[in-house]
Every structure is written in structure tokens, then in C-alpha cells.
Asker: 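Pasting a structure below so you can have a look.
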Amino acid sequence: MAHCLVLALMAGTALSCTSPAKTETLVVQHYKVPCQGESTMMCYLVKKQGQEDWEYFYDEIQGLDYEWGHIYTLEVSTETIANPPQDGSSIVTKVEKILKKEKVAEGTTFELPLTVEGAPMLTQKGQSWTYFNTIEVVSSPSLDSLIQKSSTGVFAQQTGKSNILRLVSVK
């Protein structure tokens, strides 16, 4: 950082410098969850090496072509930006190497909220549903009528389709 200050003084201007990149291992869960940032958005669930619990990851991971239904183990670099945009993150995370991309077992289920702060996460357009307007959801007529009365959905990946979820049950 001292070299940035010297350069700024020599140039007579304020330069935007970043801190050196730090490399770490990050495990990314096979599904995303709604989270609250500036507004409601979809976040990754991640664990750092040695961490037991999953935590929200609000930013994008540059270089990750994410597919639902796969658990990723990544070597990532994180860099702190000295003067980030006012509404942007001060940290940039980039994939350095995909260490493992593992498809979850067929039938693996996970829970997602059906509403967040009173707003429905599942919306119906004709005969099809989408979750947070980002991923298609297949449901059965017996569950369709229960969605409005329920707070949580139990989902699984649609067999053979990483970009389609199947609503298994509601709670």
C-alpha cells in the first residue's frame, strides 16, 4: 500500500490501488437461496476451508459458470478494491481453478422459502412456475393449490436437467 501512496504523491493525483490478491479454497453449495442485500436477490451458499456452517455469499464469483445441482470446490482469489463504486462491493472474487465439480445424487432435496418479506418467490406463468424469476420449477397439480398457503418448498433437481427444479412437497 505504501507504494500506492508514493506513486500518488509523485503523480500529484489520487490513484485507486488494490490490495494484493489472497487465495483460498471455497466450496459452493448446489443451490442458491434468496438473501437480502440492496434488495432481495439470489445468493450462493459457501464454506471456506475448515468452516462447518454454510454462509451467504452476496457477490458474483468471476469465472464461475454456475450450474444448479453441482457442488463446486474452487480455488479463488479475493482482491480488495480501494475505491469501489458506491453501490458495489469492495471485494472481487475470481476463480483461479475449479478443483472439483460434483453432481449431487439424484433425489437430493433442499428447502427454499416460498415467500420473502411477503413477496412470493414462486410465480406461475400459464402452466409453468419459476423461482425468483430465475429458474424453472416443475410442480404437480396436487401441490399447485398448496403453494399459496405454505411457507417452505422442498425441491430437488429435475432428473437430467440442471436448470430445472422439481417441487417435491410444501411445508
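Below, each value reflects all heavy atoms present in this structure, side chains not excepted, and no hydrogens, waters or symmetry copies.
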Asker: Do other residues, nucleotides or ligands put more than 12 heavy atoms under 6.0 Å from the NZ atom of K48?
Answerer: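 Not more than 12 within 6.0 Å, no.
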
Asker: Can you tell if the side chain of E55 reaches within under 4.5 Å of the side chain of V46, non-hydrogen atoms only?
Answerer: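 A side-chain contact under 4.5 Å exists here.
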
Asker: For the residue pair G63 and V95, what are the closest heavy atoms and their distance?
Answerer: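 Smallest interatomic distance, heavy atoms only, reads C-CG2, 3.9 Å.
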
Asker: Kindly determine whether V33 and L112 satisfy side chain to side chain contact (heavy atoms under 4.5 Å, CB included), including the steps that lead there.
Answerer: CA-CA 7 Å; V33 295; L112 293 172; 3.8 Å; yes

Asker: Under a single-linkage definition using a 4.5 Å side-chain heavy-atom cutoff for Ile, Leu, Val, Met, Phe, Trp and Tyr, are L146 and L165 assigned to the same hydrophobic cluster?
Answerer: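 Both belong to a single hydrophobic cluster.
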
Asker: Quick check for you: to the nearest 0.5 Å, what is the distance between I71 atom CD1 and E102 atom CD?
Answerer: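 Output value for this atom pair is 6.0 Å.
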
Asker: Going by heavy atoms in the side chains, are Y66 and K32 under 4.5 Å from each other?
Answerer: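 Sidechains of K32 and Y66: in contact.
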
Asker: What are the two closest heavy atoms between T115 and P120, and how far apart are they?
Answerer: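 Reported closest heavy-atom pair: CG2-CA, 4.1 Å.
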
Asker: Can a donor-acceptor pair be found, under 3.5 Å and without considering hydrogens, that links the side chain of S89 to the backbone of I91?
Answerer: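 Side chain of S89 to backbone of I91, a donor-acceptor pair under 3.5 Å: yes, one is there.
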
Asker: Decide yes or no for Q157 and T108: does some side-chain heavy atom of the first lie under 4.5 Å from some side-chain heavy atom of the second?
Answerer: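 No, their side chains stay 4.5 Å or more apart.
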
Asker: Quiz question: by atom type and distance under 3.5 Å, do the side chains of T123 and N133 form a donor-acceptor pair?
Answerer: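 On atom types as modelled, these side chains qualify, holding a pair under 3.5 Å.
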
Asker: Minimum heavy-atom separation for Y31 and E111, please, with both atom names.
Answerer: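 Closest approach of Y31 to E111, heavy atoms only: CE1-O, 4.3 Å.
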
Asker: What's the spacing between K149 NZ and L114 CG if we round to 0.5 Å?
Answerer: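 If we round to the nearest 0.5 Å, K149:NZ and L114:CG are 13.5 Å apart.
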
Asker: Measure the shortest side-chain to side-chain distance between C35 and F57 over non-hydrogen atoms and say whether it is less than 4.5 angstrom.
Answerer: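 Not touching, per the 4.5 Å side-chain cut-off.
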
Asker: Between atom CD of E136 and atom OG1 of T130, what is the distance when rounded to the nearest 0.5 Å?
Answerer: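 One finds 8.5 Å between CD of E136 and OG1 of T130.
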
Asker: Are any of the side-chain heavy atoms of K171 and S150 separated by less than 4.5 Å?
Answerer: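 Side-chain contact under 4.5 Å: no.
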
Asker: To check you understand the geometry: which heavy-atom pair defines the closest contact between M41 and F132, and what is its length?
Answerer: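 So the two residues come closest at CA-CZ, 3.6 Å.
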
Asker: Decide if atom NZ of K94 counts as having more than 12 heavy atoms of other residues, nucleotides or ligands within a radius under 6.0 Å.
Answerer: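 It does not: K94 NZ has 12 such atoms or fewer within range.
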
Asker: Linking I/L/V/M/F/W/Y whenever their side-chain heavy atoms sit closer than 4.5 Å, directly or via other members, would M42 and F155 fall into one cluster?
Answerer: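 Both belong to a single hydrophobic cluster.
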
Asker: Rounded to the nearest 0.5 Å, what separation is found between the CG atom of L26 and the CD atom of Q49?
Answerer: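 Going from the CG atom of L26 to the CD atom of Q49 covers 10.5 Å.
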
Asker: Going through the distances and angles, do V138 and I164 end up as a side chain to side chain contact (heavy atoms under 4.5 Å, CB included)?
Answerer: CA-CA 7 Å; V138 175; I164 300 176; 3.5 Å; yes

Asker: Should Y44 and Y58 be marked as a ring pair (Phe, Tyr, Trp, His ring centres under 6.0 Å) after you check the CA-CA gap, both sets of side-chain angles, and the distance that decides it?
Answerer: CA-CA 7 Å; Y44 297 108; Y58 293 86; over 10 Å; no

Asker: Using 0.5 Å steps for rounding, measure from the CD atom of E106 to the OG1 atom of T159.
Answerer: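 If we round to the nearest 0.5 Å, E106:CD and T159:OG1 are 4.0 Å apart.
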
Asker: State, with a plain yes or no, whether a side-chain heavy atom of W68 is found less than 4.5 Å away from one of N163.
Answerer: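 Contact flag for W68/N163 side chains = no.
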
Asker: Say whether, by atom type as modelled, one donor and one acceptor occur between the side chain of Y72 and the main chain of E67 under 3.5 angstrom.
Answerer: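 Side chain of Y72 to backbone of E67: a pair is present.
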
Asker: With L74, which of L99, V27, L64 fulfils side-chain contact (heavy atoms from CB on, under 4.5 Å)?
Answerer: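 With L74 as partner, side-chain contact (heavy atoms from CB on, under 4.5 Å) holds for just one option, L64.
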
Asker: Return the minimal non-hydrogen interatomic distance between L167 and G153, and the atom names on each side.
Answerer: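 So the minimum-distance heavy-atom pair works out to CD1-CA, 3.9 Å.
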
Asker: Near K97 NZ, under 6.0 Å, is it more than 12 heavy atoms from other residues, nucleotides or ligands?
Answerer: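 12 or below, so no.
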
Asker: Quick check on Q148: does its CD atom have over 12 non-hydrogen neighbours (other residues, nucleotides or ligands) under 6.0 Å away?
Answerer: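 For Q148, atom CD is not crowded (no more than 12 foreign heavy atoms under 6.0 Å).
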
Asker: About how many Å separate CD of E96 and CD of Q62, when rounded to the nearest 0.5 Å?
Answerer: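 Those atoms lie 10.5 Å apart.
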
Asker: Please test F110 against H30 for ring pair (Phe, Tyr, Trp, His ring centres under 6.0 Å), starting from the C-alpha separation and ending with a verdict.
Answerer: CA-CA 9 Å; F110 55 96; H30 66 96; 5.2 Å; yes

Asker: For S77 and T23, which I'm curious about, is there any donor-acceptor pair between the side chains at under 3.5 Å?
Answerer: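 Per modelled atom types, S77 and T23 side chains form no pair under 3.5 Å.
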
Asker: For Q36, is there any backbone N or O sitting under 3.5 Å from a side-chain donor or acceptor partner on T40?
Answerer: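 Side chain of T40 to backbone of Q36, a donor-acceptor pair under 3.5 Å: no, none is there.
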
Asker: Given side chains that start at C-beta, do those of L143 and V170 come closer than 4.5 Å, heavy atoms only?
Answerer: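 They are in contact (side-chain heavy atoms under 4.5 Å apart), so the answer is yes.
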
Asker: Kindly work out whether a path of hydrophobic side-chain contacts (I/L/V/M/F/W/Y, heavy atoms less than 4.5 Å apart) joins V168 to V137.
Answerer: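 Not linked; separate clusters.
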
Asker: Side chains of V154 and S169: closer than 4.5 Å at any heavy-atom pair?
Answerer: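 Sidechains of S169 and V154: in contact.
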
Asker: Measure across H70 and S162 and return the closest heavy-atom pair with its distance rounded to 0.1 Å.
Answerer: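 Heavy atoms only, the tightest pair is CE1-CB, 4.2 Å.
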
Asker: Should Y56 and L45 be marked as a side chain to side chain contact (heavy atoms under 4.5 Å, CB included) after you check the CA-CA gap, both sets of side-chain angles, and the distance that decides it?
Answerer: CA-CA 5 Å; Y56 293 139; L45 286 174; 3.7 Å; yes

